[in-house]
> 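Structure provided below as structure tokens; questions to follow.
Every number for a ligand or one of its atoms is a count from 1 in the order of the listing. Only heavy atoms go into these numbers, but all of them, side chains included; no hydrogens, no water, no symmetry mates. In this text the structure is predicted, and so the values were computed from the model without any measurement.
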Amino acid sequence: MAEPKRKSMPVLPWMRSPVDISLFEECPLNLLPSLDSRLEEALKNMGISSLFPVQVAVWQETIGPGAFERDLCINSPTGSGKTLAYALPMVQMLSNPAVKCLRALVVLPTRDLALQVKEVFAAIAPAVGLSVGLAVGQSSIADEISNLIRRPKHEAGVCYDPEDHSQIFQSSVDILVATPGRLVDHINTTKGFTLEHLRYLVVDETDRLLRESYQSWLPTVLKLTQLTDVISSHLKDFLPSTLGSFKTIRRLGVERGFKGKSYPRLVKMVLSATLTQDPSKLVQLDLHHPLFMTTGQRRYQLPEKLESFKLICESKNKPLFLVALLQTLSGEKCIVFTSSVESTHRLCTLLNFFSDLQIKIKEYSGLQRQAVRSKTLKAFREGKVQVLISSDAMTRGMDIEGVRNVINYDMPPYIKTYIHRAGRTARAGQAGRCFTLLRKDEVKRFKQLLQKADNSSCATYPLPSDSIQSLHSVYISALEKLKENVELETSKKRKFNSKSARPGSAKGKRTKE
Ligand SMILES: Nc1ncnc2c1ncn2[C@@H]1O[C@H](COP(=O)(O)OP(=O)(O)OP(=O)(O)O)[C@@H](O)[C@H]1O
């Protein structure tokens, strides 16, 4: 008899005795201890009447007895409500500010994700006198600066030191939601942008953000928030100019939860549905006495009400199976994931040549301009588009109401990819289905991959064979059209590239944002 597989033990000792989020229960707002009544009202306006388990658990460690004493590392399934889990206690702690200054920073890997998180803050923060800003490069840097920094009118007769930015610039926001690249731009170049007063740092989708350096945003932020005024006077002349305004040194002070320290500790919360346990990655965060919070015993969890199915077919018949599947799903909102931006484009073009398919299908990928992506996303949210063909640009964090199905057109290479893709459905306790199209030779590897997650059973989805047969002739003609389309696009691209390469050509000078 085969020996049962041993669970892998985290290397870091503090990860071995986590708080188990699954032991917490939903809590009605009126029973949540110490919740500010204005926030309760704001939550009700959002349609929220109780907090989810991860939100209750984090509340206990922040506003409750935990009192923000420790940095929190939160591993909780997709759609379990992690955004509000960190947003709510931070907003409550920062409520009724005496002066406006940037005190909370939330970093996310993509613009669309940052926009989504900003909406959550914007729904609760104004209720307690806080404002939220966005630094994602969606608008011009000048527009962004004017939304983030205020320059108060000078009073007559008062002398101002032009070098002292704190006298002439003021933050317009208390909370900033940012992508790493734009954040570094502001740190380096925006006059008056300061992390001097920062009290909370959230690194959402931590494992994704720690995978790349993104212009060294993390060491930069940590450096700027760790230095004290005392050190500053000695180091001032030696810091590289890339660290931007030296006004980002934090002020001295004492606050609750930072016993024995003469300056406020920067509280960090890091989160993911697949939080890394790699010490070499986590060390970059410089966590203070971290507390690991996770759901259940298994490292990887899928949403409780997610059903997983597989469809086995030959490579060349994949489009046919996909079309037949989409027909059986009869217009339900659906995201189809492919392995690359190129195959996203090709598949979307091909599907739109299936004339009988009465479904609005659009692509969403990193190859497109942000404006196009945002427009597509809006149409998908509003239900004007029913099927989104996406590269992994949509994999993480995106919360779109009513997505009932996720289809892996290409098998996800890792369990983490499966979890994040599948997690676009079955959110907030709703039911959802994840279908994966597989070649015969992929079945075994896919089974092994799913075994790494809880509730990993995956039945074969029964597609009636006549539904596939009937599509053959349309498929042949759609393929022909796709071929013509690819040729046309290739020749257009060639022409564009040769024009761009000409010396003095305006297009040749265009740079990517
Ligand atoms: N207490 C609540 N009651 C009802 N709905 C909630 C509650 N908290 C969050 N939600 C909703 O649940 C959905 C998922 O929340 P959220 O996006 O924060 O999940 P997540 O855990 O961050 O997921 P992911 O790991 O995919 O980023 C959102 O639509 C959100 O509005």
> Donor-acceptor check, side chain of E212 to backbone of L209, threshold 3.5 angstrom: yes or no?
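No.
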> What part of S50 sits under 4.0 Å from ligand 1 if we count only heavy atoms: the side chain, the backbone, both or neither?
backbone
> Tell me which one of S80, G81, S76 gets a heavy atom nearest to atom 15 (O) of ligand 1.
G81
> Using atom types as modelled and distance alone, determine if a side-chain donor or acceptor of Q55 lies under 3.5 Å from a backbone N or O of G81.
yes
> Please confirm whether the backbone N or O of R433 pairs with a side-chain atom of R404, one donor and one acceptor, at under 3.5 Å?
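Here the side-chain-to-backbone pair does not exist.
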> Report, in ascending order of atom number, the atoms of ligand 1 lying under 4.0 Å from any heavy atom of I48.
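Going through ligand 1 atom by atom, the ones under 4.0 Å from I48 are 1 (N), 2 (C), 3 (N), 4 (C), 7 (C).
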> Counting heavy atoms only, which part of S272 comes closer than 4.0 Å to ligand 1: side chain, backbone, both or neither?
neither
> What's the shortest heavy-atom distance between L326 and C334, and which atoms?
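Closest approach of L326 to C334: CD2-SG, 3.9 Å.
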> When you compare ligand 1 with R424, is there at least one nitrogen or oxygen pair between them that comes in under 3.5 angstrom?
yes
> Under a 3.5 Å threshold, yes or no: a donor from one side chain and an acceptor from the other, between R373 and Q370?
yes
> Report, as yes or no, whether the 6.0 Å neighbourhood of atom NZ on K360 holds more than 12 heavy atoms from other residues, nucleotides or ligands.
no
> So which heavy atom in the protein is nearest atom 12 (O) of ligand 1, and how far is it from that ligand atom?
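In this structure, atom 12 (O) of ligand 1 has A428 CB, 3.2 Å as its nearest protein heavy atom.
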> Please verify the inter-ring angle class for F309 with Y461; under 30° counts as parallel, over 60° as perpendicular, anything in between as tilted.
perpendicular
> For atom 17 (O) of ligand 1, what is the closest protein heavy atom, and at what distance to 0.1 Å?
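Result: R427 NH2, 3.0 Å.
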> Between T83, V54, L51, which one has a non-hydrogen atom sitting closest to atom 18 (O) of ligand 1?
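Comparing heavy atoms across T83, V54, L51, the nearest one to atom 18 (O) of ligand 1 lies in T83.
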> In terms of residue, atom name and distance, what is the protein heavy atom nearest to atom 6 (C) of ligand 1?
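Closest protein heavy atom to atom 6 (C) of ligand 1: F52 CE1, 3.4 Å.
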> What part of Q55, side chain from CB on, backbone N/CA/C/O, both or neither, has a heavy atom under 4.0 Å from ligand 1?
side chain
> Heavy-atom contacts under 4.0 Å between K82 and ligand 1: side chain, backbone, both, or neither?
both
> Any chance you could measure Q60, atom CD, to F24, atom CZ, to the nearest 0.5 Å?
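One finds 4.5 Å between CD of Q60 and CZ of F24.
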> Check this for me - ligand 1, G79, N or O atoms closer than 3.5 angstrom, yes or no?
yes
> Does even one non-hydrogen atom of E205 get within less than 4.0 Å of ligand 1?
yes
> Can you find a non-hydrogen atom of P77 under 4.0 Å from ligand 1?
yes
> I'd like to know if the side chain of R396 and the backbone of H420 have a donor-acceptor N/O pair within less than 3.5 Å.
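No; judged by distance alone, with no hydrogens or angles, the pair does not exist.
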> Is there a donor-acceptor pair closer than 3.5 Å between any side-chain N or O of R16 and the backbone N or O of V11?
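Such a contact is found between R16 side chain and V11 backbone.
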> Would you indicate which of D399, I419, I400 comes nearest to atom 29 (O) of ligand 1 when only heavy atoms are counted?
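Checking each option, the heavy atom nearest atom 29 (O) of ligand 1 is found in D399.
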